[in-house]
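Bear in mind the structure is a predicted one, so any value in this text is a computation, not a measurement.
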Amino acid sequence: MKHARRRHSRLRTRIAGTTGLLTLALGAGVAPATAAEKTDHGPMTTAAALDDAAQAPGQAAALDDMAQDPGQAAALGDVAQPPRRAASLKVAPAPGQLTLPAPTGRHRVGTVDLHLRDSSRMDPWVPGQQRELMVSLWYPATHTSQYPAALLPNSQQVLPGGVTLPTTAGHTGAPVARKDGKLPVLLYSPGGRGNRATGTALVQDLASRGYLVVTIDHTHDTNDVVFPGGRHEVSMLPPGTKSRDLIDVRAADTHFVINQLAEIARGHNPDVEHRPLPHGLTQAVSTKHIGMFGASLGGGSVAAAMQADHRIDAGVNLDGQLFGRSEHQRLDRPYMLFSSEHHNRNTDPSWERLWEHLHGERLDLKLRGSGHNSFVDNQVLFPQAPGAFGITPEVMQQALGTIDPNRSIEVQRTYVAAFFDKHLRHRNSHLLDGTSRHYPEVDFIR
């Protein structure tokens, strides 16, 4: 036991340095640590306080959310053990430009950022301020060659060694492709303290398949949100903030964003600076077919958002623990749990409680060989340049599992799209009926 604790301490030290680099590199900023927080399920340990032996320490390398969702790690406590002797980190020559997998849909992709202000609501974390959000819209586009490729939002583009973060497949401000008529809407909530860019590989693929995907930065929960004019709003969560409170705020943010989409559909421009909207967007937005998905704490927020807003027709939770009222309340719309290797209803009581209250189609899928970070872009960025991210092989294995990152993304894209296609477009591929020989990595937990 003493040896295990020493290994845990050494790994925790490596992770702390890694997390700082990651948050800086991807624009999440460095927030004051809130140590020894309390949640509805007992003590919650932050990224700065990883002494809880139940926490799988590699999960804390997540840029996406271990600071606010470490209960996830308790559920994932039996992740694959690191090797007895950690291989020394050798920084390879800089690979230059990192990449994300290209979208697989038939459409090119456009994107635009919007600055939104909720004049009816004060910011829950900063007294005296109205609630403001930054969101990005991703959509099928046309004439993209005339519009610049977008960078990841909030990014510090260059990492140590001259490694450059990816350019996205989105073209800023490109006209909306209108051949398919109204676009079903998907909302994306990132992990705690992670920004709206962390799921870009999945987001831009869904846009290429004909969805309008809206990614949300939850201001002052996210480590750093950059507003027009270069204003930065950093994490302002008070010590002792409960995950259930974060989820309630995220649900309110989501409700507000849907209202702003409805304003766009009515011909209004809700952007605070009134920057031009892409041509065709007003005619393309539909708030009659809405889905929501998120990773980790963002995934754990989906049920609460659906219960708070009945306009959300279907939801997908990517490896996120639930907190608060949502796990005890009835949900009568389709909902899919998609978990990493060692996380499911048998290991996460919040999933089991919610499962009993799901009265629409309900699915519990497990991605074999995956880790918690397999559901965000870390899964493809880390392996391309572990030296630039400061990641050792043992941390890599803890965070990402053993599944090939590109295969992991392919599987997630396929199943998430199949779920929303079925419930928002009434296109049933029958992939969700049970196990598939084409995707043996996916288990259906019955």
Side-chain angles (χ1 to χ4, degrees), residues 14-15 17-30 58 61-65 89-104 108-109 111 113 136 138 144 148-172 188 190-191 193-208 213 215 217 222-224 226 295 370-393 395-413:
R14 296 189 190 103
I15 290 164
T18 300
T19 303
L21 176 59
L22 286 174
T23 54
L24 180 62
L26 289 178
V30 179
L63 121 113
D64 62 342
D65 76 339
L89 178 64
K90 296 181 180 179
V91 180
Q97 178 78 53
L98 303 185
T99 61
L100 293 172
T104 59
R108 297 184 180 89
V109 178
T111 186
D113 297 334
S136 293
W138 300 79
T144 54
L151 303 176
L152 293 173
N154 290 12
S155 293
Q156 174 183 311
Q157 283 299 115
V158 181
L159 300 176
V163 177
T164 306
L165 288 171
T167 300
T168 73
H171 293 263
T172 303
Y188 175 76
R193 303 200 184 186
N195 65 47
R196 67 189 190 275
T198 55
T200 300
L202 179 55
V203 164
Q204 63 187 16
D205 185 74
L206 288 165
S208 78
V213 189
T215 61
D217 267 340
T222 301
N223 268 336
D224 185 18
V226 182
S370 63
H372 191 58
N373 274 244
S374 297
F375 294 89
V376 290
D377 291 343
N378 293 352
Q379 63 185 317
V380 287
L381 298 180
F382 285 0
Q384 290 180 61
F389 286 108
I391 297 183
T392 63
V395 170
M396 185 95 72
Q397 181 176 322
Q398 290 278 6
L400 304 180
T402 57
I403 190 171
D404 176 78
N406 289 300
R407 177 63 174 177
S408 172
I409 286 182
E410 177 189 352
V411 171
Q412 290 175 55
R413 286 172 164 180

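The shortest side-chain heavy-atom distance between Gln379 and Asn373 does not fall under the 4.5 Å cut-off. The shortest distance between side-chain heavy atoms of Ser136 and Val203 does not fall below 4.5 Å. Counting heavy atoms from C-beta outward, Val395 and Phe389 have side chains that stay 4.5 Å or more apart. Looking at Ile409 and Leu202, their side chains never come closer than 4.5 Å, going by heavy atoms from C-beta outward. At least one side-chain heavy atom of Pro166 sits less than 4.5 Å from a side-chain heavy atom of Leu381.
For the atom pair Thr198 OG1 and Arg193 CZ, the distance stands at 14.5 Å (nearest 0.5 Å). The structure places CG of Leu206 at 12.0 Å from CH2 of Trp138, a figure rounded to the nearest 0.5 Å. How far CG of Leu151 is from CG of Leu165: 9.5 Å, rounded to the nearest 0.5 Å. One finds the CG atom of Leu152 at 8.0 Å from the OG1 atom of Thr167 (value rounded to the nearest 0.5 Å). Taken to the nearest 0.5 Å, the CD atom of Gln398 stands 12.5 Å off from the CD1 atom of Ile391.
In terms of modelled atom types and a separation under 3.5 Å, the side chain of Thr111 and the main chain of His171 share no donor-acceptor contact. Side chain of Thr168 to backbone of Ala150: a donor-acceptor contact under 3.5 angstrom is found. At least one donor-acceptor pair under 3.5 Å links the side chain of Gln412 to the backbone N or O of Ser374.
One finds no salt bridge joining Glu410 and Arg413 here, because no Lys/Arg side-chain nitrogen approaches an Asp/Glu carboxylate oxygen to under 4.0 Å.
Among all heavy-atom pairs drawn from Val213 and Ala207, the shortest one is CG2-N, 3.9 Å. Contact between Gln384 and Val380 at its shortest, heavy atoms only, is NE2-O, 2.9 Å.
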Inset, instruction - Run the numbers on Thr104 and Asp205 for side-chain hydrogen bond (donor to acceptor under 3.5 Å, both in side chains), then give the verdict. - result: CA-CA 6 Å; Thr104 59; Asp205 185 74; 2.6 Å; yes
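Neither side chain, Ser208 nor Gln204, offers a donor N or O lying under 3.5 Å from an acceptor on the other.
Judged as a salt bridge (charged side-chain N to carboxylate O under 4.0 Å, His left out), and not counting sequence neighbours, the contacts of Asp217 are Arg196.
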